[in-house]
Amino acid sequence: MSATPSRPLVRRAPEEVGIPSAALHALAARLQDEGLDPHALLVARAGDVVFETAWAPYALDRPALVYSASKTYTSLAIGFLADEGRLGLDDSAGDLLGEPNPHGITVRHLLTMNTGHDSAQIDTVGDDPRNLLRIAPAHEPGTFFAYNSPATHALAARSSPPSRASRSPRTCGRGCSTRWASATGG
């Protein structure tokens with residue numbers, strides 16, 4: 001499979017692609033008026049951006065939290081790395097993070113959120129996924145599921161530059177830039 005190079009997203013006026021601007025503005029107003037707490041909205045047709053807006057304190061020129069969507073793309077990037085033989089699902093999470101791994105947490109445990117940590121422990125991990133390896137899990141890794149964003153952050157450490165897997169056209173498509181491949185706070 002050959003990848004095509006990414007290109008910046010093209011911007012067009014909504015009317016150029018058959019969408020009335022007034023309808024998009026009405027949609028944005030309705031999202032806000034109904035109390036849905038929107039962060040940002042991007043509308044594209046045929047791959048071209050025709051409308052984008054953000055609600056304070058969010059801004060279009062800053063990376064945004066994408067919550068669980070990041071797990072999908074990070075897992076996809078890890079899958080590509082595994083398929084290419086550059087990483088194994090049973091590899092040590094310590095190798096990803098450059099840390100000792102006294103509890104035997106693997107890439108598979110990170111992908112499946114089965115690190116063995118309970119919810120209270122995950123809350124103490126904070127923004128540094130290396131803490132997953134420093135905090136002894138309450139359960140044997142692989143035996144206990146708890147929703148675990150730090151596990152995704154740990155995987156992103158491997159799927160982000162320098163490997164660039166998370167920015168390849170296979171995972172990002174058009175217009176993916178380094179600003180979207182940054183760790184929390186950086």
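A donor-acceptor pair under 3.5 Å is absent between the side-chain atoms of E34 and the main chain of L31, judged by distance alone. The backbone N or O of G116 sits nowhere less than 3.5 Å from a side-chain atom of E140 that would complete a donor-acceptor pair. Listed for the T74 side chain is no donor-acceptor partner under 3.5 Å among the backbone atoms of K71.
Taking each heavy atom of A28 and W55 in turn, the nearest pair found is O-CZ2, 3.3 Å. Of all heavy-atom pairs between Y147 and M113, the closest is CA-SD, 3.7 Å. When all heavy atoms of P141 and H103 are compared, the pair lying nearest together is CG-O, 3.3 Å.
The existence of a salt bridge linking R11 and D48 is excluded, since no basic side-chain nitrogen approaches an acidic carboxylate oxygen closer than 4.0 Å.
Ring-plane geometry between H39 and Y58 is classed as parallel, the angle between the planes falling under 30 degrees on a 0 to 90 degree scale with a further cut at 60.
One distance of note links CD1 of I122 with CG of L132; it measures 7.0 Å at 0.5 Å rounding.
For D91, the side-chain contact (heavy atoms from CB on, under 4.5 Å) partners two or more places apart in sequence, or in a different chain, are L87, V107. A search for side-chain contact (heavy atoms from CB on, under 4.5 Å) contacts involving L42 returns A44, V49, E52, not counting sequence neighbours.
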How far apart are the C-alpha atoms of N101 and S92, what are their side-chain angles, what is the distance that settles it, and do they pass the side chain to side chain donor-acceptor pair (under 3.5 Å) test? CA-CA 7 Å; N101 184 7; S92 169; 2.9 Å; yes

